[in-house]
Amino acid sequence: MITKCLFPAAGYGTRFLPATKAMPKEMLPIVNKPLIQYGVQEALDAGCHTMSIVTGRGKRSIEDHFDISYELEHQIQGTDKESQLEEIRSIIKKCTFSYTRQNEMKGLGHAILTGETLIGKEAFAVILADDLCFNPNGKSVLAQMMDIYQKYQCSIIAIEEVDFEEVDKYGIMQGEEIEEGIYRVFDMIEKPNKDQAPSNLAIIGRYILTPDIFDILRVTKPGKKGEIQITDALLQQAKMGKVIAYKFKGKRYDCGSIGGFIKATNDFYQSLYS
Ligand code: G1P
């Protein structure tokens, strides 16, 4: 049973400057909820109750968001505004939040290794909050991955097909399809050029990782962009046949890009208010 979900949330969000100058990118709202709240809700829906968040300087508003604001509670008590806090109140009640800081920006693999202190020796989920996933007619993407984990008991990555022009934005995998939409991974490469890419199956920001990943990350050398890449660490597990890729059901919005963020905003607005 996986109960912990790690949120790497220390990045600068440079693509959204100046909005992210003094505000974490994870707090940018899609309609009226910050991105990270959608991620926490997805983790909760998948059975995780401990949210382990790797933050950095300037990210304190994330902690405040997942805490009770007594002044605000007092102000709106008994008014019709109370209903707008119901969802976040229920999240706060159901989850425990723990935080640690990544004080050097050495890549996603390094961020995940920084979270080891919050995770310990158990399998855990990872959500990159700027990949916003939505599956209105069924289980959330992380919940679907939990089912796959129950069966295969190894690391699970979520994948989707992307245009070959876009492969240099993602970790790209190659594997053997063992069930419809489920692959045993044997190769992975972080952000390859179009002509180096072994496929157009891109890793998106949802992972289930077994705890041996920490030992692997400790000895993983800096890769693409001089950073410690989770893709390189996963490749070591893949070589032992211990990584399954899953073509999830649902939709993903790349809210780390302005175009994806606007698309998510429009779609969520449509589905919530029309
Ligand atoms: C990270 C990973 C990459 C993955 C992507 C999904 O890249 O390194 O393998 O495909 O997330 O969003 P980033 O987008 O942080 O550069």
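Quick note: residue numbers are just sequence positions, from 1. Atoms within each ligand, like the ligands themselves, are counted from 1 in listed order. FYI, side chains are in, hydrogens and waters are out, and symmetry mates aren't considered; it's all heavy atoms of this structure.
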Exercise. Output, in order, the C-alpha distance, side-chain angles, deciding distance and verdict of salt bridge (Lys or Arg N to Asp or Glu O under 4.0 Å) for Arg184 and Glu179.
Key: CA-CA 9 Å; Arg184 175 95 47 200; Glu179 283 182 59; over 6 Å; no
Quiz item: Are Ile172 and Ile159 connected, step by step, through hydrophobic side chains (Ile, Leu, Val, Met, Phe, Trp, Tyr) whose heavy atoms are closer than 4.5 Å?
Solution: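 Per the 4.5 Å side-chain linkage, Ile172 and Ile159 are not co-clustered.
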Quiz item: Exactly which residues line ligand 1, taking a heavy atom under 4.0 Å from it as the test?
Solution: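 Within the 4.0 Å shell of ligand 1, which is judged on heavy atoms, sit Leu108, Leu128, Asp131, Tyr170, Gly171, Glu190, Lys191, Ile203, Ile204, Gly205, Tyr207, Gln229, Thr231.
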Quiz item: Distance only, no hydrogens: is a donor on one side chain within 3.5 Å (strictly under) of an acceptor on the other, for Ser155 and Gln237?
Solution: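 Per modelled atom types, Ser155 and Gln237 side chains form a pair under 3.5 Å.
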Quiz item: Cut-off 3.5 Å, side chains only: do Gln102 and His110 have a donor facing an acceptor?
Solution: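 Result is yes, a qualifying pair exists.
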Quiz item: Quick one: does Gln41's side chain have a donor or acceptor within less than 3.5 Å of a partner on Gln37's backbone?
Solution: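 Not confirmed, Gln41 side chain does not pair with Gln37 backbone.
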Exercise. Check whether NZ of the Lys or CZ of the Arg Lys239 lies under 6.0 Å from the centre of the six-membered ring of Phe186 and within 45 degrees of that ring's axis.
Key: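 No, Lys239 does not sit over the ring of Phe186.
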